[in-house]
Amino acid sequence: MTENDAMLNLWSATTPPSIQAPPLEGDATADVAVIGGGFTGLSAALHLALEGADIRLIEARSFGHGGSGRNVGLVNAGLWTPPAEIETMLGAEAGTRLNDALAVGPDLVFSLIERFHIACEATRNGTLHLAHSARGFGDLRNRHRQQIQRGAPVTLLGRAQTAERTGSEAFHGALHDARAGTIQPLAYVHGLARAAADSGARLHTHTPALGWSRDAGGWRIETPAGSLRAKRLIHATNAYDTVLPQARAFTPVFYLQFATSPVPEAQRGRLLPRGEGCWDTATVMSSFRFDRTGRLVIGGVGNPAGWRSSTHRHWARRKVRSIYPALADLDLEFGWRGRIAMTDDHLPRIVALGEDGISIFGYSGRGIGPGTVFGKCAAQWAMTGAPESFPLPLSRTRSDIMAPVKAACYDLGSLAAHLVGARLGGS
């Protein structure tokens, strides 16, 4: 399994080709340059184009090639970190501002899907955060209390209710968030690209940024076959950048996914009949959902490359069996991985690259809603120059010298958890 093998990625296999976006050739100019063709970059390009801005976007590979096209597809409200903890870290006023901005992230995502007729299997029946243990249910009680205090439409479900909603007896309870939903993430990315191009954005794929600098005339981005000059620069490659110093300001964490063959129709009816996406409270988190064809998609922290592949694949088979014993014999027809930019506090970053230049990264596994929101904020910043356009203050470039060590710990920790599960016969 390789990260570049698109045939193994279910989303790549079920997404029609994207719009034509030829590589950048020669010397070009724009008012705003965007680097990165994922959730954040394309949201920025679309919202800039809607304002009539002169915008060019360059993407090193194809739209959604990175984490956006390898996502689970859960459109969650807010971040992984509970809102009260965010307010403690940032202060009450700043924390509330960030919580409020991201609480409506699903509204923005689904409104864009509806407005631009994006065919991406959009289902807005909420998500289920599942308690893998009694202790996990205690965590959900705490999250439920915090969300209710902030007016969120969340419901705490007991064991029997959770079994009815999921079709599985494996969980101690769940927290249902009615704001959320699921999408086919790569199809959503392609839809954003099409909407941006139709609105006037000039988009270029297979155009990596080799380097950039700033002078009196603005930003100059070097590409293999030319260059791009712009007054303002939005850098939005998240965990898929190796050029900028702040690429070391987050820990790259791998998340793997496997998709089964389609579940027989006779068995499908009781299994997540409302189409929610799910993830659990375990320290080594896992997720599951169904796609439109009835394939069960199982995900978890881990890197399935090389010699690790068989361990994680065996884990996925056991996970299917532990959640849905009747599906234990289904083949795993797809398997892929993506990288997450995990910051030390699990909060996003907007880094000032210099005058009129920013880099956005660090969604820590919550890319769809926050990425779309921050892309829109970046468009507002590019139009006005006001840092207040973001629900977080701009920060300075910094690196985390321990990032490689932390990445190895995530990798080895997930591998150990999956190996221990194998020996114990558990999930």
Side-chain angles (χ1 to χ4, degrees), residues 3 9 11 36 38-40 43 64 66-83 85-86 89 98-99 101-103 105-106 109 127-130 132 136 139-140 143 175 177 179-183 185-186 188-189 236-241 247 249-258 276-289 297-304 312 319 336-349 360-375 392 400 403 406-407 409-411 413-414 417:
E3 189 172 78
N9 183 338
W11 309 136
F39 300 133
T40 305
S43 174
S68 295
R70 303 167 190 271
N71 195 281
V72 177
L74 307 188
V75 187
N76 282 305
L79 297 169
W80 179 85
T81 303
E85 292 183 24
I86 292 174
M89 286 189 285
L98 179 60
N99 286 331
L102 297 185
V109 171
T127 53
L128 292 167
H129 193 179
L130 300 167
H132 78 295
D139 177 41
L140 294 186
R143 290 174 181 268
L175 184 63
D177 190 335
R179 299 169 294 182
T182 61
I183 59 173
L186 184 56
Y188 173 61
V189 170
T237 60
N238 203 31
Y240 284 77
D241 185 79
F250 60 82
T251 301
V253 176
F254 283 99
Y255 197 85
L256 59 89
Q257 294 185 78
F258 295 92
E276 301 99 334
C278 305
W279 78 103
D280 64 31
T281 56
T283 302
V284 181
M285 190 198 80
S286 61
S287 61
F288 67 96
R289 56 165 296 192
V297 182
I298 293 283
V301 176
N303 182 0
H312 292 303
K319 195 69 179 178
W336 68 101
R337 65 175 182 171
R339 283 203 302 272
I340 294 171
M342 190 78 72
T343 59
D344 53 5
D345 57 7
H346 296 166
L347 299 184
R349 299 281 189 273
I360 308 170
F361 61 92
Y363 298 122
S364 299
R366 284 290 181 94
I368 300 176
T372 304
V373 168
F374 274 65
L392 273 174
D400 182 357
K406 294 176 183 176
C409 289
Y410 274 108
D411 189 9
S414 63

(request) Tell me, please, which residues at least two apart from D177 pass side-chain hydrogen bond (donor to acceptor under 3.5 Å, both in side chains). (result) R179
(request) Could you list all the salt bridge (Lys or Arg N to Asp or Glu O under 4.0 Å) pairs where at least one residue sits in residues 277-288, not counting sequence neighbours? (result) D280-K319
(message) I'd like to check the side-chain hydrogen bond (donor to acceptor under 3.5 Å, both in side chains) partners of D345; sequence neighbours left out, ordered by chain and number.
(response) T343, R349
(request) Tell me, please, which residues at least two apart from V373 pass side-chain contact (heavy atoms from CB on, under 4.5 Å). (result) L102, L108, C377
(request) Using the side chain to side chain contact (heavy atoms under 4.5 Å, CB included) rule, take N9 and R70 through it: C-alpha gap first, then chi angles, then the decisive distance, then the call. (result) CA-CA 7 Å; N9 183 338; R70 303 167 190 271; 3.9 Å; yes
(message) Below 30° counts as parallel, above 60° as perpendicular, anything between as tilted: where do the rings of W336 and W11 land?
(response) perpendicular
(request) Side-chain contact test, heavy atoms from C-beta onward, threshold under 4.5 Å: evaluate it for F361 versus T237 and give yes or no. (result) no
(message) Given 3.5 Å as the limit, does a donor-acceptor pair link the side chain of N238 with the main chain of I360, or not?
(response) no
(request) I would like to know whether V189 and N71 meet side chain to side chain contact (heavy atoms under 4.5 Å, CB included); could you show each step before the answer? (result) CA-CA 11 Å; V189 170; N71 195 281; over 6 Å; no
(message) Quick one: does any side-chain atom of S43 pair with a main-chain N or O of T372 as donor and acceptor, under 3.5 Å?
(response) yes
(message) If the test is side-chain contact (heavy atoms from CB on, under 4.5 Å), which one of L128, T182, L74 qualifies with E276?
(response) L128
(request) Answer yes or no: is there a donor N or O on one side and an acceptor on the other, between the side chain of R366 and the main chain of G78, under 3.5 Å? (result) yes
(request) Find out whether R337 and Y255 are in side-chain contact, i.e. whether some heavy atom of one side chain is under 4.5 Å from a heavy atom of the other. (result) no
(request) Sequence neighbours left out, what passes side-chain hydrogen bond (donor to acceptor under 3.5 Å, both in side chains) with T40? Give chain and number order. (result) Y363
(message) List the residues meeting side-chain hydrogen bond (donor to acceptor under 3.5 Å, both in side chains) with T81, not counting sequence neighbours, and say none if there are none.
(response) none
(request) Answer yes or no: is there a side-chain heavy-atom contact under 4.5 Å between V75 and Y188? (result) no
(message) Determine whether L392 and F374 satisfy the following criterion, side chain to side chain contact (heavy atoms under 4.5 Å, CB included), listing intermediate values before the conclusion.
(response) CA-CA 10 Å; L392 273 174; F374 274 65; 4.2 Å; yes
(message) Between S68 and F39 (side chain of the first, backbone of the second, donor and acceptor by atom type, cut-off under 3.5 Å), is there such a pair?
(response) yes
